There are 2 protein chains.
Amino acid sequence: MAAMKFSRQRESIKEFLRGRTDHPTADTVYENVKLIYPKISLGTVYRNLSLLSDIGEIQKLASFGGSDRFDARIDPHCHFMCTRCGRVLDMDEEHFDKLMAEAAIHFTGGEITHYNASFYGICKDCKGKE
Amino acid sequence: MAAMKFSRQRESIKEFLRGRTDHPTADTVYENVKLIYPKISLGTVYRNLSLLSDIGEIQKLASFGGSDRFDARIDPHCHFMCTRCGRVLDMDEEHFDKLMAEAAIHFTGGEITHYNASFYGICKDCKGKE
DNA sequence: TTAAATGCAAACTGTTTGCAAGTGC
DNA sequence: GCACTTGCAAACAGTTTGCATTTAA
């Protein structure tokens, strides 16, 4: 039962994630934390990201193709990915979450513990540039 | 504009997928089609799976961690993955799809073209074995 | 003092790709 | 015959891991 120790690197990773809402990849986290701890290694970033998501301090998003993305928001919420610019936006309307929660209640094939809903399309910004 | 030609291998891949509802991975497809075409290569399987999903004949599911999975069902429907046995089940209740479609309509951040909803938990079978 | 965390590099998994040979039309 | 497809192997991206060293407690 590993007792977790403080680490500046981990703290820095958390802080960086808290300051972003654009769901950075492990590599982006690495590039940015490196500005503060130039010797940090990608392995450390991965280890901490997965540790933090295991203990529920951050969320790991795996459904956007390519790399996993990470989110400091841990309350259930849906995501929207723009298939043109690749950005991943939070979908704040609690509307969706009610729907998802309701869906979970009605399912008869097992006991649902969590869900993950991703929507894809063209975001407003890209739409505007057409 | 590549004109698609017939290929036994591709046909066999499609047929195999049509006969399964458990969302096999590329590797499972490979292992099974190999029983019929022993010389087929994994590269060919990947090429065809991605071709077929590009033209919309099959669906690629990317949100279950590890490998991508493939589904001959192309109508929108949600999935449930058992976190104990790893199985991925279809969620047939059209209820969910109405909900998701409705959710899509209400989103204001862009134009949604498709979505992907995955639910996770313990399936009936695993629950029964506890 | 010692268990946890790090940096580094090598290993690993899943997927894609270049190329020469094969095949459908 | 020409373009599409294949098999093979090498390359690739993202992630994980082993190990000697450093660091928090």
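Each chain gets a letter, A, B and so on, in the order the sequences are listed, and its residues count up from 1. Keep in mind it's a predicted model, so treat the numbers as computed, not measured.
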May I ask you to test the B:C123-B:F80 pair for a side-chain heavy-atom distance under 4.5 Å? yes
Per B:Q9 side chain, nearest of listed nucleotides C:dG7, C:dT15, D:dT6: D:dT6
Where do N or O atoms of nucleotides 18-21 of chain D meet protein N or O atoms at under 3.5 Å, pair by pair?
{"unit_1": "D:dG18", "atom_1": "O6", "unit_2": "A:R47", "atom_2": "NH1", "d": "3.2"}

Heavy atoms under 4.0 Å, any strand shown: does A:D27 hit a base, just sugar-phosphate, or nothing? nothing
Between P of D:dT6 and CD of B:E11, the distance in whole Å: 11 Å
Given that A:I40 and B:K60 both sit by DNA chain C, which one's nearest nucleotide is further toward the 5' end? A:I40
Check the side chains of A:D71 and A:H79 for a donor-acceptor pair under 3.5 angstrom, ignoring hydrogens and angles. yes
OP1 or OP2 of C:dG7 versus the side-chain N and O atoms of A:T44: is any pair under 4.0 Å? yes
Sorted by first residue and then second, give each side chain to side chain donor-acceptor pair (under 3.5 Å) pair with at least one member in residues 4-13 of chain A; sequence neighbours left out. A:R10-A:N48
Figure out the NZ/P separation between B:K34 and D:dG7, and round it to whole Å. 11 Å
Closer than 3.5 angstrom, by distance alone: can the side chain of B:S53 be matched with the main-chain N or O of B:Q59 as a donor-acceptor pair? no
Spell out, as yes or no, whether a donor-acceptor pair under 3.5 Å connects the side chain of A:H114 to the backbone of A:I112. no
Between the protein and nucleotides 12-14 of chain C, which nitrogen or oxygen pairs come in under 3.5 angstrom?
none

Nearest-Å distance, CG (A:L49) to P (C:dA5)? 14 Å
Does the pair A:D125/A:R87 count as a salt bridge with the N-to-O cut at 4.0 Å? yes
Considering only heavy side-chain atoms of A:R10, the closest of D:dG7, C:dG7, C:dA5 is C:dA5
Sub-3.5 Å donor-acceptor pair from the side chain of A:H77 to the main-chain atoms of A:D75, do we have one? yes
d(NZ, B:K39; P, D:dA9) in whole Å: 12 Å
When rounded to whole Å, the OH to C1' distance for the pair A:Y30 and D:dT15 reads 14 Å
State plainly whether the residues A:D90 and A:R73 are in salt-bridge range, i.e. N to O under 4.0 Å. yes
Got B:M91 and B:F119 here, is their nearest side-chain heavy-atom distance under 4.5 Å? yes
Under 3.5 Å, N/O pairs linking protein and nucleotides 23-25 of chain C:
{"unit_1": "C:dG24", "atom_1": "N2", "unit_2": "B:K5", "atom_2": "NZ", "d": "2.7"}
{"unit_1": "C:dG24", "atom_1": "N3", "unit_2": "B:K5", "atom_2": "NZ", "d": "3.3"}
{"unit_1": "C:dC25", "atom_1": "OP1", "unit_2": "B:F6", "atom_2": "N", "d": "3.4"}

After noting the C-alpha distance and the side-chain angles of B:N32 and B:Y30, does the key distance pass the side chain to side chain contact (heavy atoms under 4.5 Å, CB included) rule? CA-CA 5 Å; B:N32 281 276; B:Y30 171 62; over 6 Å; no
Within this structure, what is the CD1-to-P distance between A:I13 and C:dA5, rounded to whole angstrom? 12 Å
A:K34 vs A:E31, salt bridge (Lys or Arg N to Asp or Glu O under 4.0 Å): CA-CA, chis, key distance, verdict: CA-CA 5 Å; A:K34 199 158 59 164; A:E31 289 302 337; 3.8 Å; yes
End-to-end bend of the helix from C:dT1-D:dA25 to C:dC25-D:dG1 (five-pair axes, 10° rounding)? 30°
Among Ile, Leu, Val, Met, Phe, Trp and Tyr joined by side-chain contacts under 4.5 Å, find the other residues sharing a cluster with A:I74 and list them by chain and number. none
Do A:Y120 and B:N116 have side-chain heavy atoms sitting under 4.5 Å apart? yes
From CG of B:L51 over to C1' of C:dT17, roughly how many Å is that when rounded to an integer? 15 Å
Measure from CD1 on A:I36 to P on C:dT6 and round the result to the nearest Å. 15 Å
When you measure from the side chain of B:R69 to the backbone N and O of B:T25, does any donor-acceptor pair fall under 3.5 Å? no
